[in-house]
Amino acid sequence: MPQGNVRPQEMERITTQALAEAFIREQIEELRNQIGDGKVLLALSGGVDSSVVAALLIKAVGKQLTCIHVNHGLMRKGESEQVIDVFRKQLGANLIYIDATDRFLDKLAGVSDPEQKRKIIGGEFIRVFEEESSKLSGISFLAQGTIYPDILESDGIKSHHNVGGLPEDVHFELVEPVKLLFKDEVREVGRALGLPDSMVDRQPFPGPGLGVRCVGAITRDRLAAVRESDAILREEFEKAGLQGKVWQYFTIVPDFKSTGIKDGKRSFEWPVVLRAVNTRDAMSATVEEVPWPVLNRITERITHEVPGVNRVLYDLTPKPTGTIEWE
Ligand code: XMP
């Protein structure tokens, strides 16, 4: 029941925030008990789950936590920069930043099979993480952003294809402070911890990142077209008030070209495909009915601002028959 002149929505918000704050207080206590004066390692991807775990651990054990952020070169525009800005500069975390872009892209060169691409990205991620963690001494705990649905789906370890997964032959005691929470509860905790909205409300992003949206064999120029077009799509969705309303939206650049005209001359360039879907559980999905003026504006910007692109298409396919990603 609303009390005084506090509106019901406001009540709900206050209650949720109070619950999140109580959870944070409890977890800090538990983490301190579990970890004592030990050292903890965390693979920080910048996704909601690992970010919330990092913020909790910073509160609980401060500099006893070391975060490793591996940039595989397949991140969205500005994402690694945001991880560094929030965790190193604002929260004062011990953060090791590894730019492994060349290593990943060299390994992926010429590989067009989607599952092979995923294997290379996942395998390389574990190798980089192991190399970096072996340089550190005295680590006895490994923190993970396991959430409740991960436990329901598998053996409790983040699914194998999710970059940021656990290296199997490293023997640390696990620290999993959000393992009993659902995604929306993790977001509430993140908000109560003061993480930025753009991090807390982040749409799902696959472990192999933009790699599965640069269809076929990844090239640096086509990858740049995926990254730049994705940034434009996100910017325009935010301006149109669609951010946080549409479940997942991104761009894809296929590995073929078509004819067009640019500056009065014939151009032979890539198309960019826009995808925007809604779903409950990602098993099936419907296509967002994006207003025509928004689609027009995005098309105008992508064809003028993204090098190598002369056409924009909107994917109207629900899941099934299409999957959400193109690979
Ligand atoms: P699909 O394309 O199978 O995608 O309809 C369903 C959801 O899963 C995400 N996805 C992945 N996430 N590693 C991940 O961590 C992957 O290899 C992967 N493939 C797809 C996809 O973005 C969508 O949210």
Side-chain angles (χ1 to χ4, degrees), residues 43-53 69-76 79 83 104 107-108 111-126 129 144-167 178 182-184 186-187 199 201-216 218 223 226-227 229-230 233-234 237 242-254 273-288 314-327:
L44 177 59
S45 66
V48 185
D49 308 335
S50 65
S51 296
V52 168
V53 169
H69 176 69
V70 178
N71 178 356
H72 50 20
L74 306 165
M75 306 289 285
R76 287 177 290 201
E79 231 164 10
V83 170
F104 278 83
K107 278 246 149 126
L108 286 163
V111 181
S112 56
D113 177 68
E115 290 317 309
Q116 194 58 28
K117 283 166 72 177
R118 276 191 173 78
K119 262 198 195 132
I120 291 174
I121 297 166
E124 201 56 19
F125 181 88
I126 289 176
F129 187 77
Q144 285 225 117
T146 312
I147 65 171
Y148 199 51
D150 300 326
I151 296 179
L152 298 179
E153 272 167 32
S154 65
D155 56 358
I157 290 171
K158 281 235 150 182
S159 55
H160 66 280
H161 66 207
N162 207 350
V163 171
L166 176 69
V178 297
F182 283 104
K183 197 74 168 192
D184 44 343
V186 179
R187 292 190 206 278
M199 201 168 244
D201 292 327
R202 221 176 82 135
Q203 46 168 322
F205 187 57
L210 300 181
V212 292
R213 297 171 183 172
C214 189
V215 175
I218 299 170
L223 182 60
V226 180
R227 183 173 287 123
S229 57
D230 173 75
L233 177 75
R234 285 190 287 141
F237 264 43
L242 295 170
Q243 181 182 288
K245 291 205 179 116
V246 181
W247 194 80
Q248 199 175 15
Y249 46 96
F250 54 87
T251 63
I252 301 126
V253 181
V273 180
L274 312 178
R275 187 101 171 109
V277 297
N278 292 303
T279 176
R280 278 177 160 271
D281 55 7
M283 300 302 286
S284 62
T286 55
V287 176
E288 171 73 13
Y314 189 46
D315 186 349
L316 292 174
T317 322
K319 176 181 181 175
T321 55
T323 45
I324 295 176
E325 303 288 347
W326 268 39
E327 280 194 338

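In this chain, residues are counted from 1 in sequence order. Indexing begins at 1, ligand by ligand and atom by atom, following the structure's order.
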Find out whether Phe125 and Val70 are in side-chain contact, i.e. whether some heavy atom of one side chain is under 4.5 Å from a heavy atom of the other.
yes
Should you measure from each heavy atom of Gly207, which atoms of ligand 1 turn up under 4.0 Å away?
13 (N), 14 (C), 15 (O)
Salt bridge (charged side-chain N to carboxylate O under 4.0 Å, His left out): pairs with one or both residues in residues 316-325, sequence neighbours excluded:
Arg213-Glu325
Atoms of ligand 1, numbered as shown, that sit under 4.0 Å from any heavy atom of Trp247:
24 (O)
Tell me, please, which residues at least two apart from Tyr314 pass ring pair (Phe, Tyr, Trp, His ring centres under 6.0 Å).
none
Candidate pair Val273 and Val253, rule side-chain contact (heavy atoms from CB on, under 4.5 Å), full reasoning:
CA-CA 6 Å; Val273 180; Val253 181; over 6 Å; no
From the options Pro208, Gly209, Gly122, select the one whose nearest heavy atom is closest to atom 16 (C) of ligand 1.
Pro208
Distance (rounded to the nearest 0.5 Å) between Ile218 CD1 and Phe104 CZ:
11.0 Å
Select the closest option to atom 17 (O) of ligand 1 among Met283, Lys319, Arg118, Gln248, judged by heavy-atom distance.
Arg118
Regarding ligand 1, does Phe205 bring an N or O atom to under 3.5 Å of one of the ligand's N or O atoms?
no
Does the N or O separation between Glu327 and ligand 1 drop below 3.5 Å for any pair?
no
